[in-house]
Engineer: 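Let me give you the structure first, and then I'll get to my questions.
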Amino acid sequence: MNSEGKRPMRTTVGIIGAGPAGLLLARLLHNAGIDSVVLESRDRAYVEHRQRAGILEQGTVDVLRVAGAGERMDREGLRHDGIELRFDKKRHRVDFPALTGGRSVMVYAQTEVCKDLIALQLKEGGPLLFEAEALAVEGADTDSPRVRFRYEGSEDVLECDYVVGCDGFWGVSRGAIPAELTRVFERTYPFGWLGILADVAPSHDELVYARHDRGFALLSMRSPSVSRLYLQVPEGTDAEAWSDEAIWAELERRFETADGWRLERGPVTQKSVTPMRSYVHEPMRHGRLFLAGDAAHIVPPTGAKGLNLAVGDVVTFARALTHERETGSAELLDAYSATCLRRVWQAERFSYDMTTLLHRAPDATPFEDRLQLARLERIAGARAAETDLAEGYTGFPFG
Ligand code: RFL
Ligand code: PHB
């Protein structure tokens, strides 16, 4: 009993956080007949409308389908078979299926993935509590870890066999791994992304990644009538300091081509700045506490890898726990951290390469500018280099 005379809640897997990692994990466990409880500090509307990722790798698409969460994605998502690289006013298309034996990616927003998974969980899954804030993970190195949390004005305890921290970069679960067992690898970049949503049809039918002397720009989309665009801006930029007119003018400059391509403008409905960081926390497991997604690692968004890494982690955990249930062997659970980190470091490398290929550092020298252009020319001109990019973009295998 707790101080208010309530019996603690009990579940097999306590999941902290209802972002893509926590929500998908709850779904995978439900499908495997394993019960879980999800605690989410924010309300449902906030989780469903937080603007973030837009690109799902082939492997993520496949997992969502098998999990029974792919129906609307298959109806409304846009399959993309390539991206365009733009530099020196030239355009080069990278053809994914031709270079990777048929793989592609899907444009389907993270907000929509979350909406679909929340609806499924509330309809047929275990408890998903919104506005339930985890305060601490206790007893991670015992057989009965607990999550202390605040819900409806009082403190409660969730007793678990396992806790999975899916609470993002600012969550509490990572802090439950003792500092002396931890190594952190980190890099921040001296720039961020100013992102806008605009009510205008995308000016190109695939994503455009542009390298320009004034900085990077990206054209993406949310639907056939909504564009998502990003500009590299100095670290610490206030989004409100950029008028809509200034944003469109800068986008036009950075996307300019020699062949008269035009950027269509439309009403800007949202504007924000994202900092850029690479971060890995090792190990991703301590006793019966497992970290998944942004709670354990961050990549700069240039490679479109963050959400896809979160999916890989929870697939690895669900498989490992199912294996333990079926065979009694904890072998895969014990290998969780090493298995995930192999893929995480490949994604870290890819995201770093894409970022340094396309962004202009504030202290870039003319020599480095020429090297960037040479790297881009190499991708455009040599199939081996282009294949490397296409394989990285469409995704590394899970586990
Ligand atoms: P999330 O989505 O941050 O979810 C964590 C959840 O935990 C909750 N939480 C707590 N709940 C209970 N108690 C506590 N104490 C809690 N503390 C936190 C939070 O409210 C939240 O709901 O982490 P998750 O699930 O690991 O998912 C990771 C992804 O969200 C992230 O990696 C991607 O959005 C990154 N990303 C992209 N990834 C891609 O794969 N493709 C992309 O195209 C892509 N584009 C992007 C991106 C991220 C961006 N930003 C804003 C960082 C573009 C941008 C601009
Ligand atoms: C997005 O649409 O938000 C997006 C697409 C590709 C990226 C990053 C973000 O690399």
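When a ligand or atom number is given, it counts from 1 through the structure's own listing order. A quick note: this is a predicted structure, and the numbers were derived from the prediction, not measured.
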Engineer: Going by the angle between their ring planes, with limits at 30° and 60°, are Tyr189 and Tyr352 parallel, tilted or perpendicular?
Structural biologist: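 Geometry flag for Tyr352 against Tyr189: tilted rings.
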
Engineer: Among all the protein's non-hydrogen atoms, which is closest to atom 38 (N) of ligand 1, and how far away is it?
Structural biologist: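 Among all protein heavy atoms, the one nearest atom 38 (N) of ligand 1 is Leu307 N, 3.0 Å.
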
Engineer: Out of curiosity, is Ala132 lining ligand 1, as in a heavy atom under 4.0 Å away?
Structural biologist: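 True for this residue.
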
Engineer: Quick one: nearest non-hydrogen protein atom to atom 10 (C) of ligand 1, plus distance?
Structural biologist: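 Its nearest protein heavy-atom neighbour is Ser41 OG, 3.3 Å.
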
Engineer: Using a strict 4.0 Å cut-off to heavy atoms of Gly168, name the atoms of ligand 1 that fall inside it.
Structural biologist: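 Taking each heavy atom of Gly168 in turn, ligand 1 has 3 (O), 5 (C), 23 (O) under 4.0 Å.
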
Engineer: Is ligand 2 less than 4.0 angstrom away from at least one heavy atom of Val107?
Structural biologist: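 Under 4.0 Å: no for Val107.
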
Engineer: So which protein heavy atom does atom 4 (O) of ligand 1 come closest to, and at what separation?
Structural biologist: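 Result for atom 4 (O) of ligand 1: Gly19 CA, 3.5 Å.
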
Engineer: Going by atom types only, do Asp88 and His212 share a side-chain donor-acceptor pair under 3.5 Å?
Structural biologist: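 There is no such pair (donor and acceptor under 3.5 Å, judged by atom type) between the side chains of Asp88 and His212.
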
Engineer: Among protein heavy atoms, which sits nearest to atom 32 (O) of ligand 1, and what does the distance come to when rounded to 0.1 Å?
Structural biologist: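 Its nearest protein heavy-atom neighbour is Asp294 OD1, 2.7 Å.
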
Engineer: Starting from atom 5 (C) of ligand 1, which protein heavy atom do you reach first, and at what distance in Å?
Structural biologist: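 Nearest protein contact, heavy atoms only, for atom 5 (C) of ligand 1 is Cys166 O, 3.3 Å.
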
Engineer: Is the shortest distance from a heavy atom of Arg52 to ligand 2 less than 4.0 Å?
Structural biologist: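 Flag set, Arg52 near ligand 2.
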
Engineer: Quick one, Leu289 and Ser173 - any side-chain contact, counting heavy atoms below 4.5 Å?
Structural biologist: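 Yes. Closest side-chain heavy atoms under 4.5 Å.
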
Engineer: Please identify which atoms of ligand 1 are closer than 4.0 Å to at least one heavy atom of Ile16.
Structural biologist: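 Close to Ile16: 12 (C), 13 (N).
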
Engineer: Return the residue, atom name and 0.1 Å-rounded distance of the protein heavy atom closest to atom 30 (O) of ligand 1.
Structural biologist: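 Residue, atom and distance for the closest contact: Gln110 NE2, 2.7 Å.
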
Engineer: Below 4.0 angstrom from a heavy atom of Gly17, which ligand 1 atoms are there? Numbered from 1 as shown, please.
Structural biologist: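 Matching atoms, with element in brackets: 6 (C), 7 (O), 8 (C), 11 (N).
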
Engineer: Mark the output for Glu57 as yes if a heavy-atom distance to ligand 1 is under 4.0 Å, and as no if none is.
Structural biologist: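 Flag not set, Glu57 not near ligand 1.
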
Engineer: Could you check whether any side-chain heavy atom of Met9 comes within less than 4.5 Å of a side-chain heavy atom of Phe149, counting everything from C-beta outward?
Structural biologist: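 Yes, their side chains come closer than 4.5 Å.
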
Engineer: Among all protein heavy atoms in this structure, tell me which lies nearest to atom 42 (C) of ligand 1, with the distance rounded to 0.1 Å.
Structural biologist: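 Closest protein heavy atom to atom 42 (C) of ligand 1: Ala53 CB, 3.1 Å.
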
Engineer: Kindly check if the number of other-residue, nucleotide or ligand heavy atoms within 6.0 Å of CD (Glu76) is above 12?
Structural biologist: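 Yes, the 6.0 Å shell around CD holds more than 12 heavy atoms from other groups.
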
Engineer: In this structure, does ligand 2 have an atom that sits under 4.0 Å from one of the heavy atoms of Tyr108?
Structural biologist: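 Under 4.0 Å: no for Tyr108.
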
Engineer: Which atoms from ligand 1 have a heavy atom of Leu39 less than 4.0 Å away?
Structural biologist: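 That gives atoms 11 (N), 12 (C) of ligand 1.
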
Engineer: In terms of atom number and element, which parts of ligand 1 are under 4.0 angstrom from non-hydrogen atoms of Lys305?
Structural biologist: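 Taking each heavy atom of Lys305 in turn, ligand 1 has 39 (C), 40 (O) under 4.0 Å.
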
Engineer: State which residue, out of Glu138, Glu159, Glu155, fulfils the salt bridge (Lys or Arg N to Asp or Glu O under 4.0 Å) condition with Arg146.
Structural biologist: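 Result for salt bridge (Lys or Arg N to Asp or Glu O under 4.0 Å) with Arg146: Glu138.
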
Engineer: Between Tyr279 and Phe185, is the ring pair (Phe, Tyr, Trp, His ring centres under 6.0 Å) condition met? List the steps.
Structural biologist: CA-CA 6 Å; Tyr279 176 96; Phe185 303 84; 9.3 Å; no

Engineer: So is Phe149 touching ligand 1 or not, going by heavy atoms under 4.0 Å?
Structural biologist: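 It does not; every heavy atom stays at 4.0 Å or beyond.
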
Engineer: When you measure from atom 2 (O) of ligand 2 to every protein heavy atom, which one gives the shortest distance, and what is it?
Structural biologist: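 For atom 2 (O) of ligand 2, the nearest protein heavy atom comes out as Ser220 OG, 2.6 Å.
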
Engineer: Could a heavy atom of Arg222 be found less than 4.0 Å from some atom of ligand 2?
Structural biologist: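 Checking ligand 2 against Arg222, which is what was asked, there is a heavy-atom contact under 4.0 Å.
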
Engineer: Which atoms of ligand 1 have any heavy atom of Gly171 under 4.0 Å away?
Structural biologist: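 Taking each heavy atom of Gly171 in turn, ligand 1 has 17 (N) under 4.0 Å.
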
Engineer: Just which atoms of ligand 1 are under 4.0 Å from any heavy atom in Tyr230?
Structural biologist: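 What qualifies from ligand 1 is 53 (C), 55 (C).
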
Engineer: Find all atoms of ligand 1 within a distance of less than 4.0 Å from any non-hydrogen atom belonging to Gly293, and give their numbers and elements.
Structural biologist: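 Here the atoms of ligand 1 in question are 26 (O).
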
Engineer: Tyr393 to ligand 2: N or O pair under 3.5 Å?
Structural biologist: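 No; the residue has no nitrogen or oxygen that sits under 3.5 Å from a nitrogen or oxygen of the ligand.
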
Engineer: Under 4.0 Å from a heavy atom of Tyr209: give me the atoms of ligand 2 that qualify, with their elements.
Structural biologist: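 This gives 6 (C), 7 (C), 10 (O) as the contact atoms.
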
Engineer: Which residue supplies the protein heavy atom nearest to atom 4 (C) of ligand 2, what is that atom called, and how far is it?
Structural biologist: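 In this structure, atom 4 (C) of ligand 2 has Tyr230 CE1, 3.9 Å as its nearest protein heavy atom.
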
Engineer: Anything under 30° is parallel, anything over 60° is perpendicular, the rest tilted; go ahead and classify Phe216 against Tyr209.
Structural biologist: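 Tilted.
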
Engineer: Evaluate whether atom CZ of Arg183 has more than 12 neighbouring non-hydrogen atoms of other residues, nucleotides or ligands under 6.0 angstrom away.
Structural biologist: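 Result for CZ/Arg183: open.
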
Engineer: Is Asp334 salt-bridged to Arg285, going by a charged N under 4.0 Å from an acidic O?
Structural biologist: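 Result for this pair is yes, salt bridge flagged.
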
Engineer: Can you find an N or O of Pro301 that's nearer than 3.5 Å to an N or O of ligand 2?
Structural biologist: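 Min N/O separation from ligand 2 is below 3.5 Å for Pro301.
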
Engineer: Closest non-hydrogen protein atom to atom 22 (O) of ligand 1, residue and atom name please, with distance?
Structural biologist: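 Checking every protein heavy atom, the shortest distance to atom 22 (O) of ligand 1 gives Glu40 OE1, 2.6 Å.
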
